[in-house]
Number of protein chains: 2
Amino acid sequence: MSIEYSIRELADEFGVTTRTLRFYEEKGLLSPKRHNHTRTYSNADRTRLRLILRGKRLGLTLEESASIILMYDSKTGNTEQLEALITKIRGKRNQLIQQQRDLELMLLDLKVAEDRCIQSLTKV
Amino acid sequence: MSIEYSIRELADEFGVTTRTLRFYEEKGLLSPKRHNHTRTYSNADRTRLRLILRGKRLGLTLEESASIILMYDSKTGNTEQLEALITKIRGKRNQLIQQQRDLELMLLDLKVAEDRCIQSLTKV
DNA sequence: CATATAATTTACGTTAACGTAAACGTAAAC
DNA sequence: GTTTACGTTTACGTTAACGTAAATTATATG
């Protein structure tokens with residue numbers, strides 16, 4: 001009972017265009033099955049799309065998202081590969097943690113700016 | 001005793017190229033003084049640059065960073081403008097808060113991936 | 001069966017954010 | 001005085017991430 005989606009359904013659900021889905025496929029980020037020439041997306045595709053869009057909101061490039069997804073469902077056996085993967089994962093995590101700090105700083109700045117606006121309004 | 005910087009000093013300090021600094025100026029994000037044709041950056045310019053690069057790490061476009069900087073040092077008097085500004089600031093904050101959630105989710109995913117890697121390594 | 005609807009491929013266009021190269025001015029150092 | 005180092009402007013090139021348009025095919029519906 002694996003659910004499947006048409007390209008339009010998926011596009012509408014996530015608020016992207018069909019062009020975008022085809023483009024992601026072209027870049028190897030999605031790989032829907034074909035039902036006599038027309039694309040059929042599985043739940044796995046849907047999950048991938050969710051990860052890609054989350055990555056976009058965080059400012060990742062498609063390539064970065066692709067590499068993260070690869071990490072995520074990589075069933076590598078080779079020890080060397082695994083250690084390389086761990087290194088990569090930790091590197092990415094450090095970037096994200098830096099982002100967290102940046103985010104908090106920017107939220108603080110915005111709060112200061114807003115407070116000053118409000119003050120400016122009330123002390124008429 | 002306001003400190004000033006050459007284009008190279010500033011570029012080196014922040015790890016960007018001089019081209020980048022000139023480009024930001026062209027886009028109105030920086031406005032260094034000219035000392036007989038050569039650019040001289042003030043502390044204010046330096047702060048702006050820091051904000052711009054922070055924005056970049058968060059995936060903002062230069063235009064967005066510019067608008068945030070405008071909010072930040074806007075001394076607007078007009079009530080209407082101030083209220084518009086507050087609305088804008090709150091909108092941006094909501095985006096950032098969504099980013100925070102995305103970030104935490106992605107960090108979790110990466111942790112899961114790493115743990116699986118490590119397990120894969122130890123259960124040889 | 002004709003027509004409307006949605007899918008497909010192919011391909012050129014677009015924008016942001018710089019890179020890169022050319023051609024030139026200036027000032028210190030050898 | 002000329003080489004070296006750094007600055008300047010002008011301008012064309014590049015990459016990512018799609019947009020957009022054209023031409024074609026397949027399915028459904030009246």
Side-chain angles (χ1 to χ4, degrees), chain A residues 3-42 45-46 48-70 92 95 99 102 106, chain B residues 3-42 45-46 48-70 92 95 99 102 106:
Chain A
I3 306 171
E4 313 230 298
Y5 312 84
S6 77
I7 193 170
R8 177 119 308 277
E9 288 171 347
L10 209 59
D12 286 348
E13 177 179 355
F14 286 92
V16 299
T17 68
T18 59
R19 173 69 175 99
T20 299
L21 295 183
R22 294 196 192 96
F23 179 74
Y24 289 168
E25 178 176 355
E26 196 182 321
K27 293 292 165 178
L29 291 168
L30 297 176
S31 36
K33 296 282 151 54
R34 297 303 182 104
H35 236 337
N36 53 1
H37 265 235
T38 140
R39 292 168 171 81
T40 308
Y41 295 85
S42 70
D45 291 315
R46 193 164 163 279
R48 272 156 169 255
L49 181 54
R50 198 155 34 78
L51 293 179
I52 296 167
L53 297 180
R54 178 194 290 166
K56 281 203 61 177
R57 286 195 301 272
L58 292 175
L60 303 191
T61 67
L62 290 183
E63 213 178 321
E64 288 177 312
S65 287
S67 112
I68 285 188
I69 290 176
L70 261 179
K92 182 54 73 179
Q95 270 183 41
Q99 270 203 24
D102 285 331
M106 189 167 285
Chain B
I3 307 170
E4 313 231 294
Y5 311 86
S6 76
I7 193 170
R8 176 120 307 277
E9 288 171 347
L10 209 59
D12 286 348
E13 177 178 355
F14 287 92
V16 299
T17 68
T18 58
R19 173 70 175 99
T20 299
L21 296 183
R22 294 196 192 95
F23 178 73
Y24 289 168
E25 179 177 353
E26 195 182 322
K27 292 292 165 180
L29 291 168
L30 297 176
S31 36
K33 296 282 152 57
R34 296 305 179 104
H35 237 336
N36 54 0
H37 265 235
T38 140
R39 294 170 170 80
T40 307
Y41 295 85
S42 71
D45 291 317
R46 194 165 163 277
R48 272 157 171 252
L49 181 54
R50 199 156 33 80
L51 293 178
I52 295 168
L53 296 179
R54 180 195 289 166
K56 280 202 63 178
R57 286 195 300 273
L58 292 174
L60 303 191
T61 68
L62 290 184
E63 213 178 321
E64 289 178 311
S65 287
S67 111
I68 285 188
I69 290 176
L70 261 179
K92 181 53 72 180
Q95 271 184 42
Q99 270 203 25
D102 286 331
M106 189 168 284

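Just so we're on the same page: letters track the sequence lines, and every chain starts at 1.
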[X] side chain near [Y] side chain, heavy-atom distance below 4.5 Å:
X     : Y     : value
A/P32 : A/T40 : no
B/Y41 : B/L49 : no
B/Q99 : B/L58 : yes
B/L30 : B/I52 : yes

* With pairs defined as Watson-Crick or G-U wobble and both distances under 3.5 angstrom, please note down DNA chain C as a dot-bracket string, | for pairing with another strand. => ||||||||||||||||||||||||||||||
Pairs of donor and acceptor atoms involving the side chains of residues 5-17 of chain A, under 3.5 Å and at least two apart or interchain, shall be tabulated with distances.
residue: A/Y5; atom: OH; partner: A/N43; partner atom: OD1; Å: 2.9
residue: A/S6; atom: OG; partner: A/R8; partner atom: N; Å: 3.3
residue: A/S6; atom: OG; partner: A/E9; partner atom: N; Å: 3.1
residue: A/R8; atom: NH1; partner: A/D12; partner atom: OD1; Å: 2.9
residue: A/E9; atom: OE1; partner: A/S6; partner atom: N; Å: 3.0
residue: A/E13; atom: OE1; partner: A/R46; partner atom: NE; Å: 3.2
residue: A/E13; atom: OE2; partner: A/R46; partner atom: NE; Å: 3.1
residue: A/E13; atom: OE2; partner: A/R46; partner atom: NH2; Å: 2.6
residue: A/T17; atom: OG1; partner: A/R19; partner atom: N; Å: 3.4
residue: A/T17; atom: OG1; partner: A/T20; partner atom: N; Å: 3.1
residue: A/T17; atom: OG1; partner: A/T20; partner atom: OG1; Å: 3.0

Under the salt bridge (Lys or Arg N to Asp or Glu O under 4.0 Å) test, residues paired with [X] that sit two or more places apart:
X      : answer
A/R22  : none
A/E4   : none
B/R54  : A/D109
A/D102 : B/R57

* **Proximity to DNA chain D (any heavy atom under 4.0 Å), residues of residues 53-63 of chain A only** => A/K56, A/T61, A/L62
* Under a 4.0 Å heavy-atom cut-off, which of residues 14-33 of chain B touch DNA chain D? -> B/R19, B/R22
* **Partner set under side-chain contact (heavy atoms from CB on, under 4.5 Å) for A/S67, not counting sequence neighbours** => A/M71, A/K88
* Asked: Looking at residues at least two apart in the chain, or sitting in another chain, which of them share a side-chain contact (heavy atoms from CB on, under 4.5 Å) with B/E63?
  -> B/T61
* Give the rounded distance in Å between these two atoms: CD of A/E4 and P of C/dA7. => 15 Å
* To do: Hey, could you give me each pair passing salt bridge (Lys or Arg N to Asp or Glu O under 4.0 Å) that has a residue in residues 29-38 of chain B? Not counting sequence neighbours.
  => B/E25-B/R34
* Structure fact -> Under a 4.0 Å heavy-atom criterion, DNA chain D is touched by chain A from D/dA17 to D/dT27
